[in-house]
Amino acid sequence: MKLHRSALRLALIYWICASLWVVFSDQLLFKLFGTTERMLLWHSAKGLAFVLVTSALLYALLNLYFSRMSLQHSARRANEASLRQAAAVFDSTLEGVLVTDTEQRIVHVNRAFQRITGYEEKEVMGKVPSMFQSGRHDDAFYQVMWKSLNQRGEWSGEIWNRRKSGEIFPIWQNLRAIHDENGELSHYVAVFSDITAIKRSQNELDHLAHHDPLTSLPNRLLFIERVESALKRIFADKRGGAVMVVDLDHFKHINESLGHNIGDQLLKGVAERLRGLLEDGMTLARMGGDEFALIYEDCPHVEQAAALATRILEEIKAPFSLGGHELFTGASIGISLYPGDARTVQQLLRNADSALFKAKSSGREGYAFYTQELTAYAHQRVELAASLRHALEGGQLRVYYQPVLRLSDGHIVGVEALVRWQHPERGLISPGEFIPIAEESGLIGTIDAWVLEESCRQMRCWVEQGRELEFVAVNISSRVFNRGDLPDRIVETLEKTGLEPARLELEVTESAIMHDPDGALDQLVRLRVLGVRLSIDDFGTGYSSLLRLKRLPVHKLKIDQGFVAGLPDESEDMAITRAVIALAGSLGLKVLAEGIETPEQAAFLLEHHCDLGQGYWFGRPVPAEKLDWRDRPPASQA
Ligand code: C2E
Ligand code: MG
Ligand code: MG
């Protein structure tokens with residue numbers, strides 16, 4: 001029971017007054033009346049007065065007590081009524097309500113909570129709300145939420161939770177911290193509504209705002225956004241791309257002669273076909289009317305853009321059957337490259353439009369780049385790719401051989417096989433021009449296989465003729481090397497041509513190895529087991545790590561001709577050349593310098609103990625029958 005200080009104080013005063021009254025009133029009566037009968041009468045009167053005063057006091061106190069009691073009673077009844085109302089509101093509200101204690105254990109949930117989350121009350125009581133987390137938000141998100149809740153007493157925002165079924169869904173949630181009359185934290189209350197439907201319609205609105213209703217392709221607005229973000233990314237990626245504007249030729253005629261319905265169906269058909277060409281990093285949009293646009297984000301080469309434009313034109317050229325008609329249409333394409341042509345969206349689109357104008361005015365059904373030179377270059381490359389296919393079938397490829405010499409005595413120890421294309425109109429085309437095209441179009445596998453077989457057969461002939469030749473070196477493209485089936489192809493070719501494995505040397509560029517060093521190591525080990533020789537071509541250009549180099553089972557390093565060109569004057573080239581020779585020596589590898597054009601270069605290399613050399617100074621690549629087999633003067637006498 002609680003002690004009230006003021007009540008205690010009043011009781012004390014009463015006790016003192018009453019005691020004084022009892023003690024002094026009797027003495028006074030005695031003094032006034034002695035022990036007479038009157039005194040007895042006054043004594044009784046005094047006692048009665050005391051009882052009267054005490055009764056009055058008691059009455060006043062009881063009165064106060066009962067009126068308080070009745071006030072409290074009616075307050076409690078009112079309170080109970082409002083609690084009942086609150087509970088009814090809680091239960092009938094559409095918003096979910098969840099109450100936890102200070103330890104975040106759930107102490108109350110309403111019916112809407114059960115409907116929204118799918119959990120029964122008994123399944124969540126005593127549990128913590130983190131059981132509903134969707135995993136969509138990181139720790140930082142929850143930290144911000146708790147900070148606001150603890151500092152301001154509330155938080156509201158959008159949050160993704162998980163239903164009992166596992167489905168994740170968005171809610172709008174208000175969180176509040178509840179304190180008792182003493183200001184102590186007592187509960188947390190969460191009131192939330194399921195906003196799945198709102199989100200869905202928001203997404204639908206967003207889709208409508210950013211897409212063309214006829215073809216469902218992105219519209220101009222979204223396309224511009226995509227181009228903007230692609231332009232931002234190139235500063236990080238350093239890879240360029242292309243923006244293409246595709247415009248149907250004579251679409252107006254179709255619309256006018258066959259009606260808008262057929263026109264619409266044609267646009268849909270075109271969109272469908274173009275969609276089929278899309279790869280990662282491409283966005284196709286309908287810009288309006290019969291104009292489509294495409295951004296090709298990872299397109300650093302002109303040829304790639306030209307190849308895609310050609311595919312688009314071919315797709316559109318094939319007939320459409322619409323409403324019982326067989327329709328033929330064509331398109332023109334304008335291409336603008338970034339960052340070369342432009343660095344802003346507006347400029348890119350303007351350039352693509354002006355390229356489109358060029359394409360249209362040069363006879364339609366074609367593509368044009370923003371600059372004339374690029375258009376010509378691209379056309380030439382595409383033509384070259386097409387005729388390269390015929391070159392293979394038509395026997396237009398040749399293998400030339402360049403001698404490799406021992407620098408100390410000028411003796412020819414091997415030859416490198418270098419492919420050439422004997423073009424019927426353009427004459428001899430160098431591999432530098434057509435190998436990249438072959439790599440892009442996938443023809444490289446066939447070319448390398450052909451060169452390999454041809455070189456092995458030729459080497460077998462030389463061996464049979466008694467030539468003292470140690471090896472024939474064949475270049476292997478990085479594409480072929482990274483495909484992984486090279487050892488099998490080599491075994492087949494050696495069996496077919498009857499060449500000893502030790503007479504064949506495979507040249508793989510340093511960058512092909514560095515593309516996937518672990519895969520390369522595995523492949524080189526398998527090749528070495530076959531007994532063929534291995535050399536790293538263009539060494540010094542591919543950033544090999546020394547650690548990696550040590551583990552590679554190769555026989556030879558070929559110093560890139562870029563370094564040899566600067567000998568014997570350029571100090572950097574001299575330093576690199578010396579370093580590569582020393583490195584090869586310490587790893588027990590042979591070293592060959594390619595691109596030797598002057599006797600000074602040869603002398604420098606010999607002086608620094610380079611084993612082998614190759615270059616115009618000793619002999620250009622020539623057909624097999626034109627090889628000059630005589631020893632050259634030793635490099636020191638050159
Ligand atoms: P590579 O393997 O580094 O070949 C050396 C290149 O340097 C050859 O060019 C050769 O003709 C040239 N060269 C030789 N001596 C000199 C010289 O003294 N001065 C100068 N400036 N150049 C010299 P080519 O034949 O045009 O071949 C270029 C590249 O094409 C080759 O570089 C090789 O990577 C590739 N290649 C050639 N044939 C084939 C092949 O059959 N398959 C594959 N995948 N690539 C090949
Ligand atoms: Mg080579
Ligand atoms: Mg080379």
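All ligand and atom numbering here is 1-based and tracks the order in the structure.
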Review point. Is any NZ, NE, NH1 or NH2 atom of the basic residue among E594 and K558 found under 4.0 Å from an Asp or Glu carboxylate oxygen of the other?
Key: yes

Exercise for review: Could you tell me how the ring of H608 sits relative to the ring of F604: parallel (under 30°), tilted (30 to 60°) or perpendicular (over 60°)?
Suggested key: tilted

Check your understanding: Mind checking whether the Mg ion (ligand 2) has an N, O or S of D538 under 2.8 Å?
Key -> no

Review point. Backbone or side chain, does N475 get an N/O/S atom under 2.8 Å to the Mg ion (ligand 2)?
Key: yes

**Study point:** Name of the D537 atom (N/O/S only) found closest to the Mg ion (ligand 2)
**Key:** OD2

**Study point:** Salt bridge E272-R275, side-chain N to carboxylate O under 4.0 Å
**Key:** yes

Exercise for review: Examine distances only and state if a side-chain atom of H555 and a backbone atom of L534 form a donor-acceptor pair shorter than 3.5 Å.
Suggested key: yes

Exercise for review: Taking all non-hydrogen atoms of both residues into account, name the closest pair between R286 and L267 and its distance.
Suggested key: NH2-CD1, 3.4 Å

List, for ligand 1, each N/O atom that has a protein N/O partner under 3.5 Å away, with both atom names and the distance.
unit_1   : atom_1 : unit_2 : atom_2 : d
ligand 1 : 2 (O)  : E416   : OE2    : 3.0
ligand 1 : 2 (O)  : N475   : OD1    : 2.8
ligand 1 : 2 (O)  : D537   : OD2    : 2.8
ligand 1 : 3 (O)  : D538   : OD1    : 3.2
ligand 1 : 3 (O)  : E594   : OE1    : 3.4
ligand 1 : 7 (O)  : Q561   : NE2    : 2.6
ligand 1 : 15 (N) : Q402   : NE2    : 3.0
ligand 1 : 18 (O) : Y616   : N      : 2.7
ligand 1 : 19 (N) : E597   : OE2    : 2.5
ligand 1 : 21 (N) : Q561   : OE1    : 3.4
ligand 1 : 21 (N) : E597   : OE2    : 3.0
ligand 1 : 22 (N) : Q561   : OE1    : 3.2
ligand 1 : 22 (N) : Y616   : OH     : 3.4
ligand 1 : 25 (O) : R420   : NH1    : 2.8
ligand 1 : 25 (O) : R420   : NH2    : 2.9
ligand 1 : 38 (N) : V419   : N      : 3.2
ligand 1 : 42 (N) : D448   : OD1    : 2.8
ligand 1 : 44 (N) : D448   : OD1    : 3.0
ligand 1 : 44 (N) : D448   : OD2    : 3.2
ligand 1 : 44 (N) : S477   : N      : 3.4

**Study point:** Short N-O contact, E453 and R457, less than 4.0 angstrom
**Key:** yes

Review point. In E594, which N, O or S atom comes closest to the Mg ion (ligand 3)?
Key: OE2

Point to revise | I316 side chain near V246 side chain, heavy-atom distance below 4.5 Å | key: yes

Point to revise | Ionic contact status for E314 with R311, cut-off 4.0 Å | key: no

Point to revise | Name of whichever N/O/S atom of E416 is nearest to the Mg ion (ligand 2) | key: OE2

**Study point:** Minimum-distance N/O/S atom that E507 presents toward the Mg ion (ligand 2)
**Key:** OE1

Check your understanding: Is it true that K590 and E505 have a side-chain N and a carboxylate O under 4.0 angstrom from each other?
Key -> no

